[in-house]
Number of protein chains: 2
Amino acid sequence: MDTPAPRRTRIQQEKRELILEAALEVFSTNGFRGSTIDQIAEAAGMSKPNLLYYFRRKEDIHETLMQRLLNTWLAPLRELDDIGDPLTELRSYIRRKLEMARDFPRESRLFANEILQGAPRIMPMLEGELKTLVDEKAAVIKGWMRAGKIARTDPWHLIFSIWATTQHYADFDVQVRAVLGPNRGGDGRFEDAARFLEQLFIDGLKPKS
Amino acid sequence: MDTPAPRRTRIQQEKRELILEAALEVFSTNGFRGSTIDQIAEAAGMSKPNLLYYFRRKEDIHETLMQRLLNTWLAPLRELDDIGDPLTELRSYIRRKLEMARDFPRESRLFANEILQGAPRIMPMLEGELKTLVDEKAAVIKGWMRAGKIARTDPWHLIFSIWATTQHYADFDVQVRAVLGPNRGGDGRFEDAARFLEQLFIDGLKPKS
DNA sequence: CTAACGTTTGTCCAATCGGTCAAAATTTGC
DNA sequence: GCAAATTTTGACCGATTGGACAAACGTTAG
């Protein structure tokens, strides 16, 4: 099945972490093709041959990074469950996703880069694992609609819109900060976003009559 | 001021267009650093030195492309006007943006790539022209809220959410299609998205009581 | 202490990168 | 039709790329 449990020394574990941390920084801002091993090595504070001792190819780093990312990235959606009030469930899913955009912006950008480039390295996972999960959760949401707990609409596009609006604050961060300016673009922007998104998804824009 | 009106022959105009078209394709999927002059030249059906006869540096191509993009890209927001019913205005702004994602996905991805990489080449424009325009339109929206025409919320984040949800269908197209599958991921996905987004922005998710 | 093993480095390589240049081929103005 | 101007090409350049490799350096267990 998977890699047969590679035995690693303490130094190997530490150095591999160091490299992955540096590579996350570099890959997430330059994309795979736009990043160089030298850049990653320098960011990790080691020589290029030394880095290649721990990861034999540039692709191996990216692949490892991607595998880790996908697990944590889908965790919030996995938590979306049928127990509890539907509107509250969706609200807290949105909140969790927004928190991830705030706390792990580099992971979000790494993912965005991969998708933008046509997902050449993770396409099977999108069509497999991801689609299965989304279909499953769409069914849950459909159940809520049939029960009259939330408005009837398209569950898949609902999930897309949650992804889009929350990840926007990580992927387009520089634009968000530039437009909001130095006053409103500070640390409070995520709380403003949280408030706005909650209102948007729950009540929409129609004025209360 | 600007470039002093470069006189160009017919061939120059045509070939420059050809190159820009090819470069749009390449840059939008690989980013600036990840793209090579050879790739663009091949996509344009000419030799590398020939391409460099029309654009002396790789950056010149990207810059020209970016300047053109920004004009057309902000056109829909410029059209957002104070005349007419606010909810209708917003609805048609969303529709126009979604049509742009459908008809000009490469332009959207080119822009996304630039922002993802920290907007090194267009930061002044974000803080200048873009911020000014958004602030201006946010004031218009605020007026609608004060007049009770739409619900009170944050106009800036409202604009962000429209950008995010619509551009998502261009930037994350491969993911959207992978998740929707061969049946629902076909040509109809933009109409489904349009229907969903209209409902989301107008009414939200709360069930009609 | 030392032999075995794990780690680090300098040097090197072929391929590719952005870009130059002079010469050849073509188009254009008259 | 012909000369001048424009366009196209092949050959080439130095820098950078991903990666190989052997030698040097550290670490650790007995």
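Residue numbers start from 1 in every chain, and the chains themselves are labelled A, B, ... in the order their sequence lines are given, proteins ahead of strands. In what follows, every heavy atom counts, from backbone to side chain, and hydrogens, waters and symmetry copies are set aside.
- Protein atom CZ of A/Arg56 is 16 Å distant from nucleotide atom C1' of C/dT7, rounded to whole Å.
- The interatomic distance linking B/Gln13 (CD) with D/dT7 (C1') rounds to 15 Å, in whole Å.
- A cation-pi arrangement is not found for A/Arg91 relative to A/Phe201, the charged atom failing to lie both closer than 6.0 Å to the ring centre and inside a 45° cone about the ring normal.
- Separating the NE2 atom of B/His62 from the C1' atom of C/dG18 is a distance of 16 Å, rounded to the nearest angstrom.
- Across residues 28-41 of chain A, A/Ser35, A/Thr36, A/Ile37, A/Asp38 each have a non-hydrogen atom less than 4.0 Å from an atom of DNA chain D (numbered order).
- In the displayed structure, A/Phe190 atom CZ is contacted under 6.0 Å by more than 12 heavy atoms of other residues, nucleotides or ligands.
- For D/dT7, one of the phosphate oxygens OP1 or OP2 lies less than 4.0 angstrom from a side-chain nitrogen or oxygen of B/Gln12.
- Ring geometry for B/Tyr169 against A/Phe160 counts as perpendicular: the plane angle is over 60°, on a 0 to 90° scale with 30° as the lower cut.
- Across all their heavy atoms, B/Ala170 and B/Ala101 have their closest contact at CB-O, 3.6 Å.
- Looking at A/Arg195, A/Arg184, A/Gln199 one by one, the single match for side chain to side chain donor-acceptor pair (under 3.5 Å) with B/Asp154 turns out to be A/Arg184.
- Put simply, CD on B/Glu14 is 13 Å from C1' on D/dT7, counting in whole angstrom units.
- The shortest heavy-atom contact between A/Leu116 and B/Ala112 is CD1-CB, 3.9 Å.
- The distance from atom CZ of B/Phe55 to atom C1' of D/dT7 is 15 Å, rounded to the nearest whole Å.
- The 12-atom threshold is not exceeded at CG of A/Asp187, counting heavy atoms of other residues, nucleotides or ligands nearer than 6.0 Å.
- Annotation: cation-pi pair B/Lys142/B/Trp156 absent, no NZ/CZ under 6.0 Å from the ring centroid and within 45° of its normal.
- Rounded to a whole Å, the CG atom of A/Leu52 is 14 Å from the C1' atom of C/dT11.
- With B/Asp173 as the partner, the side chain to side chain donor-acceptor pair (under 3.5 Å) test is satisfied by one option alone out of B/Arg189, B/Arg102, B/His168, B/Arg109: B/Arg189.
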Dump every N/O contact between nucleotides 8-11 of chain D and the protein below 3.5 Å, one line per pair.
{"unit_1": "D/dT8", "atom_1": "OP1", "unit_2": "B/Lys15", "atom_2": "NZ", "d": "2.5"}
{"unit_1": "D/dT8", "atom_1": "OP2", "unit_2": "B/Asn50", "atom_2": "OD1", "d": "3.4"}
{"unit_1": "D/dT8", "atom_1": "OP2", "unit_2": "B/Asn50", "atom_2": "ND2", "d": "3.3"}
{"unit_1": "D/dT8", "atom_1": "OP2", "unit_2": "B/Tyr54", "atom_2": "OH", "d": "2.4"}
{"unit_1": "D/dT8", "atom_1": "O5'", "unit_2": "B/Asn50", "atom_2": "OD1", "d": "3.2"}
{"unit_1": "D/dT9", "atom_1": "OP2", "unit_2": "B/Ser47", "atom_2": "OG", "d": "3.3"}

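- In this structure, the CZ atom of B/Arg16 is 15 Å from the C1' atom of D/dT7, given to the nearest Å.
- The distance from atom CD1 of A/Ile19 to atom C1' of C/dT7 is 12 Å, rounded to the nearest whole Å.
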